[in-house]
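Only one structure is covered here, and it is reproduced in the block below.
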Amino acid sequence: MSGQNTGLATSGLRIVIGSDEAGVDYKDALLADLEADPRVAEVIDIGVRREADDFTRPYPYVGLAAGQMISEGRADRALLFCGTGLGVAIAANKVPGIRAATAHDSFSVERSVLSNNCQILTMGQRVVGLELARRLAREWIGYTFDPASASAAKVQVLSDYEGC
Ligand SMILES: O=C(CO)[C@H](O)COP(=O)(O)O
């Protein structure tokens with residue numbers, strides 16, 4: 001995998017944000033939050049967008065597109081939404097080298113980065129309140145995986161399995 005995300009942010013994160021129709025309200029709200037966050041260098045909105053042709057784009061395309069962007073080194077992380085958060089995570093995890101997790105609580109969000117070195121966080125607009133989603137995203141941005149931690153060897157098992 002080229003441009004593999006180490007989780008080490010040195011000059012601001014490049015974050016992909018995306019959703020299907022069922023997650024677009026949260027996607028647009030979190031897009032504004034990320035753009036205002038000084039820890040974020042770039043926000044890349046991959047849709048869907050209201051009034052656009054892609055509005056009914058199914059969730060697998062969103063998850064796959066986000067995973068591919070990270071895999072190709074065009075972004076460091078992605079924040080994705082659908083109705084449950086599950087579909088976009090399943091899709092993103094099909095891309096080799098990508099670790100995406102659905103999390104709606106603070107501890108799981110923390111561990112998705114510090115234990116699992118996940119590059120992608122997903123949430124469900126039909127599952128979690130907007131203010132909690134916003135708080136979780138703020139917390140998520142603050143975590144950085146430590147490649148010297150005891151968790152690194154466990155994540156490496158996955159990388160070795162995938163060969164990337
Ligand atoms: O939540 C979704 C997929 O996990 C999606 O937003 C809705 O999918 P559907 O229930 O198949 O319409």
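Here the structure is a predicted model, which means the values were calculated and not measured. Each residue takes its place number in the sequence, starting with 1. Each ligand, and each atom within it, is numbered from 1 in the order the structure gives.
Among protein heavy atoms, atom 12 (O) of ligand 1 sits closest to Arg126 NH1, 5.0 Å. Of the protein's non-hydrogen atoms, Tyr59 CE2, 4.5 Å is the one closest to atom 11 (O) of ligand 1.
Taking every heavy atom of Gly87 and a limit of under 4.0 angstrom, the matching atoms of ligand 1 come to 3 (C), 4 (O). Atoms of ligand 1 found under 4.0 Å from any heavy atom of Gly83, numbered from 1 in the order shown, are 1 (O), 2 (C), 5 (C), 6 (O). Against a heavy-atom cut-off of under 4.0 Å, Ala22 is close to the following atoms of ligand 1: 6 (O).
A continuous path of ILVMFWY side-chain contacts below 4.5 Å connects Ile70 to Ile44, so both sit in one hydrophobic cluster. Val128 and Leu31 fall within a single hydrophobic cluster, where Ile, Leu, Val, Met, Phe, Trp and Tyr side chains are chained together by heavy-atom contacts under 4.5 Å.
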For this session: Take Gln119 and Asp76 through the test side-chain hydrogen bond (donor to acceptor under 3.5 Å, both in side chains) and record every step on the way to the result.
Result: CA-CA 7 Å; Gln119 308 99 329; Asp76 303 303; over 6 Å; no
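No salt bridge links Asp20 with Lys27; every basic N to acidic carboxylate O contact stays at or beyond 4.0 Å.
When the shell of 6.0 Å around CZ of Arg135 is examined, it contains 12 or fewer heavy atoms from other residues, nucleotides or ligands.
Annotation: Gly85 places no N or O atom under 3.5 Å from an N or O atom of ligand 1; distance criterion only.
Closest heavy-atom approach to atom 1 (O) of ligand 1 among the candidates Thr84, Val88, Asp20, Val62: Thr84.
Under a cutoff of 6.0 Å and an axis angle of 45°, Arg77 and Trp140 form a cation-pi pair.
In this structure, atom 6 (O) of ligand 1 has a protein heavy-atom contact shorter than 4.0 Å.
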